Amino acid sequence: MMEQITSSTNKLIEIYEDKDGARKDEIAALGGQTATGTNVFSAFYDRLKEIREYHRRHPAARVLDANDEYEQLLKEEPQIEFSGEEAVGRYLDLHELFNDYINSKFGEKIEYSAYLNVFSQPEKISRKLKLTRQYQEYMQKLLEYLIYFFERTEPLQDLDRIFSKVVTEFEEQWTNGKVEGWENEGQENGNIPAEHSAIDLDYYTAVEELMEVGPERLKEALAALGLKTGGTVQQRAERLYLTKHTPLEKLDRKHFAKGSHGPQQNGNALTPQPSADAKEIALIEAKFKRLCDLLQEIIVRTKENVEKKQALTYEEMEAERDEEDVQAESESDDDEQQIYNPLKLPMGWDGKPIPYWLYKLHGLGQEFKCEICGNHSYWGRRAYERHFKEWRHQHGMRCLGIPNTKNFNEITSIEEAKQLWERIQERQGLNKWRPDLEEEYEDQEGNIYNKKTYSDLQRQGLI
């Protein structure tokens, strides 16, 4: 819809600018201005004649209303794909990127919850590690995911305009050498210059692979190390490949350029300017940080969700997921139709309040509390009568050491249950109670058995 509105607005601007004078001529024609003078009635009837003639030739012509097209677009349900972990855009799903992080040289072996605290802080990674191909690919994937997530959750935001502003600010800071983590430093940790890190030898297993980098890149890397830069591409690659497993101080002096003392010359560290790769990586980081600022609320929500899940069992997580689904459905139903229910009556099977007479007949408005069940509340007479056979009440009776028989129906007080049990024992004698025959159990279908029969059927797998 926004694209159509923008397109229509551009057309209107062209019409109002009236570069070809068509709008001016149209207004003059509507006013009846002709070459011979002004005649409003003549112009009106001429236009009326044209319209009638058109509809006579096209009797089935339909009047198009632009609003109909917009309404049709609004009725269409957009199919937006989210993973289960994203929960329809409520959380981020960074598990794949987390695996890339912990299996990389620039990453750490940490938990997913800890990764959510550090993934948005690339400035903490050393500059030497940032100039590797692995880090560049990781940051590119991370940026692409956040862009994809942002477009799905914030479709009306103009991301191109946001990034254009980021690029403008970045260019100014890069020129002044003020980009955080990318200040113009010749060396890092007083050791190998940063430019040499642009060729990460760990990615190459043979000299032939290193030759694909090209002669210029090989020459720059060799010069940064103080090694000879001449020879064919293969010779340069072989010379550079030696540094993968051999420290510079142990290399044969014949590989170094004349007057060179290893990676330092004349006792002073080399101070090259950052390479084009460095600028590209720094720009990716700048865009990434801007997206993290825009998604800060979702990042915090994701951290809280992960920490909460770590404290839940599988059953609790399943129950919470079902509850969220039910809540989402109920919210969508509420959006469609607001139900008028001033008396707060219970909802029936059709999603509407039950009749008031039915509410009073079954006592659904009454609250019954059971001390044996831990002061749990039951609303309505039916729910109250049913709870005597449920596990909560049975568990409470077992904790008291009292059998849950029909003698204790309607008994909800612990003190009353104990007194009644003492009277039954006095009447029957201590040895008269036979739990195998007198204690009752209920299966899932509501059938009542004594303990012995229930245990036998359960062992046979019949219930």
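These figures come from a predicted structure and were not determined experimentally. Computed over heavy atoms, backbone and side chain alike; hydrogens, waters and symmetry mates excluded.
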Would you please indicate if the ring centroids of Tyr441 and Tyr449 are separated by under 6.0 Å?
no
Would you check if Asp93 and His95 make a side-chain contact, meaning some heavy-atom pair closer than 4.5 Å?
yes
More than 12 heavy atoms of other residues, nucleotides or ligands under 6.0 Å from CD of Glu96: is that the case?
no
Could you tell me if the side chain of Glu445 sits less than 4.5 Å from the side chain of Asn447, heavy atoms only?
yes
Does a sphere of radius 6.0 Å around CD in Glu111 hold more than 12 heavy atoms from other residues, nucleotides or ligands, not counting ones at 6.0 Å or beyond?
no
Donor-acceptor contact present, side-chain Glu154 to main-chain Glu151, <3.5 Å
no
Can you check whether Ile298's main-chain N or O pairs, donor with acceptor, with Thr302's side chain at less than 3.5 Å?
yes
Are the side chain of Asn305 and the backbone of Arg301 linked by a donor-acceptor contact shorter than 3.5 Å?
no
Do Thr412 and Ile372 come within less than 4.5 Å of each other through their side chains, counting heavy atoms only?
no
Give a yes or no answer on whether the side chain of Asp18 reaches the backbone of Lys24 with a donor-acceptor pair at less than 3.5 Å.
yes
Centroid-centroid under 6.0 Å between Tyr138 and Phe106 rings
yes
Donor-acceptor under 3.5 Å (Ser7 side chain, Gln4 main chain):
no
How about Glu238 and Gln234: does a side-chain donor come under 3.5 Å of a side-chain acceptor?
yes
Nearest 0.5 Å, what's the CD-CG distance between Gln140 and Leu143?
6.0 Å
When the aromatic ring centroids of Tyr101 and Tyr115 are compared, is their separation below 6.0 Å?
yes
Should Ile162 and Arg290 be marked as a side chain to side chain contact (heavy atoms under 4.5 Å, CB included) after you check the CA-CA gap, both sets of side-chain angles, and the distance that decides it?
CA-CA 8 Å; Ile162 294 172; Arg290 180 57 181 146; 3.8 Å; yes
Expected output: side-chain Ser120 to main-chain Leu116 donor-acceptor under 3.5 Å
no
Just by distance, do the side chain of Tyr91 and the backbone of Lys303 share a donor-acceptor pair under 3.5 Å?
no
With no hydrogens and no angle check, is any side-chain donor or acceptor of Lys130 less than 3.5 Å from a backbone partner on Pro122?
yes
Whether the side chain of Glu86 engages the backbone of Ser83 through a donor-acceptor N/O pair (distance < 3.5 Å, no angle test) should be reported.
yes
For Ile299 against Phe119, the heavy-atom pair lying closest together
CD1-CZ, 3.9 Å
Worked verdict on Glu171 versus Lys279 for salt bridge (charged side-chain N to carboxylate O under 4.0 Å, His left out)
CA-CA 9 Å; Glu171 290 293 344; Lys279 183 176 181 181; 3.2 Å; yes
May I ask you to test the Leu92-Leu146 pair for a side-chain heavy-atom distance under 4.5 Å?
yes
Residue pair Leu94 / Tyr112: nearest heavy atoms and the distance that separates them:
N-OH, 3.2 Å
Are Arg152 and Phe150 in a cation-pi contact, defined as NZ or CZ under 6.0 Å from the six-membered ring centre and within 45° of the axis?
no
Does any non-hydrogen side-chain atom of Glu17 lie less than 4.5 Å from one of Ile13?
yes
Is there a donor-acceptor pair closer than 3.5 Å between any side-chain N or O of Lys109 and the backbone N or O of Ile102?
yes
Determine whether Leu291 and Leu159 make a side-chain contact, defined as any pair of heavy atoms from C-beta on separated by less than 4.5 Å.
yes
May I ask you to check whether over 12 heavy atoms, not counting those of Arg57, lie within 6.0 Å of atom CZ?
yes
